[in-house]
Amino acid sequence: MGNEVTNFNDIIKNSFLNQSMFGSLSAIDILLGLLTAFMAGAFIYGVYRYTYKGVLYSPSFNMTLLVMTMITALVIMTISTNVILSLGMVGALSIVRFRTAIKDPLDVVFMFWAIAAGISSGAGLYFLTLIGAIIIGAVIVILSRKKHTDTMYLLVIHFTEEANDEVKRELQKLDYTLKSKIVRKQLTELTAEIRLKIDNTAFMNRLGDLEGVQDVSLVQYNGDYAV
């Protein structure tokens, strides 16, 4: 009786391993999947470069988006052909920790877009991958071209005590919010958040010409960090 149970278990195990755990992909499927991932990744690369609005553009991050799309497609094709390997790969990926700092929240959108495009192309949904990339890219381009009526800046002024009243008088002409005011001996450092229309910086010349003002700096600001 024990031998019969053992033989039955072996038959079930071998049948499951032979039929369910291993599949195959033709060379054409592999090439189509990787080619579609490359096309989608190249499109993401172009959209990111065209719509980037920051000061310091990172070519390495943009290249990572393209390569990430292809790697994700390769991973999906791998786990779709081998259940055992897919479980091992999930376990291996679960211990990976990515600590790269994301400075712009929109970069996260591009990373998820690259991963989603890789998943769909690796799953053989080539048409969905390309059409989805075109639609998402069009939305991002349209939103990035939207004109803003004003921009947020940080205004930093270093001045002496004798210029205090004149600086206040000039700041009252602006839409500003005081962020900090530091007094060191006879020198004051004032930081204010202001909103300005594009190229409307004539007030900086007036502030710089005041007696007692040492320097005036204007830094673009998005509410979270200076750029």
Side-chain angles (χ1 to χ4, degrees), residues 41 43-68 96-116 136-227:
F43 184 74
I44 296 172
Y45 179 96
V47 172
Y48 181 83
R49 184 170 184 177
Y50 178 76
T51 59
Y52 186 79
K53 299 299 183 183
V55 176
L56 187 60
Y57 168 74
S58 175
S60 60
F61 176 80
N62 201 2
M63 188 180 300
T64 300
L65 296 176
L66 192 158
V67 179
M68 182 188 298
V96 177
R97 297 292 184 268
F98 298 98
R99 300 185 181 275
T100 302
I102 301 298
K103 296 182 178 180
D104 190 342
L106 192 59
D107 289 349
V108 179
V109 174
F110 279 95
M111 292 180 65
F112 274 106
W113 183 13
I115 294 173
I136 295 173
V139 171
I140 294 177
V141 170
I142 292 173
L143 293 178
S144 68
R145 293 172 64 90
K146 182 180 178 182
K147 301 294 184 180
H148 297 280
T149 57
D150 53 17
T151 306
M152 189 180 298
Y153 292 91
L154 285 180
L155 177 65
V156 182
I157 312 172
H158 293 91
F159 57 93
T160 59
E161 182 64 26
E162 61 183 9
N164 185 58
D165 294 336
E166 293 295 331
V167 170
K168 286 184 178 180
R169 194 173 295 110
E170 287 294 332
L171 287 177
Q172 289 175 355
K173 301 176 183 178
L174 304 173
D175 178 15
Y176 81 99
T177 301
L178 182 64
K179 287 295 185 179
S180 67
K181 185 177 182 180
I182 303 173
V183 179
R184 298 186 182 95
K185 296 182 179 180
Q186 301 300 321
L187 185 66
T188 300
E189 179 184 278
L190 186 146
T191 302
E193 178 184 289
I194 61 175
R195 292 182 178 274
L196 300 173
K197 295 187 181 297
I198 300 175
D199 295 332
N200 184 19
T201 59
F203 69 94
M204 292 189 64
N205 294 329
R206 296 195 300 267
L207 284 170
D209 293 336
L210 294 177
E211 185 70 25
V213 174
Q214 294 189 354
D215 59 75
V216 182
S217 302
L218 192 64
V219 183
Q220 189 175 350
Y221 179 67
N222 72 349
D224 296 319
Y225 54 89
V227 295

side-chain contact (heavy atoms from CB on, under 4.5 Å) evaluation trace for N62 with Y52: CA-CA 10 Å; N62 201 2; Y52 186 79; over 6 Å; no
Working for side-chain contact (heavy atoms from CB on, under 4.5 Å), residues D107 and Y48: CA-CA 9 Å; D107 289 349; Y48 181 83; 3.2 Å; yes
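Summarising the local packing, CZ of R206 is surrounded by more than 12 heavy atoms from other residues, nucleotides or ligands at distances under 6.0 Å.
The side-chain heavy atoms of L207 and I157, taken from C-beta on, include a pair separated by under 4.5 Å. Taking 4.5 Å as the limit, some side-chain heavy atom of L155 sits within range of a side-chain heavy atom of L171. For the pair I136/W113, a side-chain contact is recorded, criterion being any heavy-atom separation below 4.5 Å from C-beta on. Side chains of T51 and V141 form a contact here, defined as non-hydrogen atoms less than 4.5 Å apart. The shortest side-chain heavy-atom distance between L154 and E193 falls under the 4.5 Å cut-off.
To the nearest 0.5 Å, atoms OH (Y45) and OG1 (T64) are separated by 10.5 Å. Taking NZ of K179 as the start and CD1 of I194 as the end, the distance is 12.5 Å to the nearest 0.5 Å. Here K181 contributes atom NZ and T191 contributes atom OG1; the two are 11.5 Å apart, rounded to the nearest 0.5 Å.
The minimum heavy-atom distance between A114 and L65, with the atom names listed, is CB-O, 3.6 Å. The two residues M68 and M111 have their closest heavy-atom pair at SD-O, 3.9 Å. Of all non-hydrogen atoms in F159 and L187, the two that sit nearest each other are O-CD1, 3.5 Å.
Qualifying salt bridge (Lys or Arg N to Asp or Glu O under 4.0 Å) partners for E166, counting only residues two or more places apart in sequence or in other chains: R169.
In this structure, F61 has its ring center no closer than 6.0 Å to that of F110.
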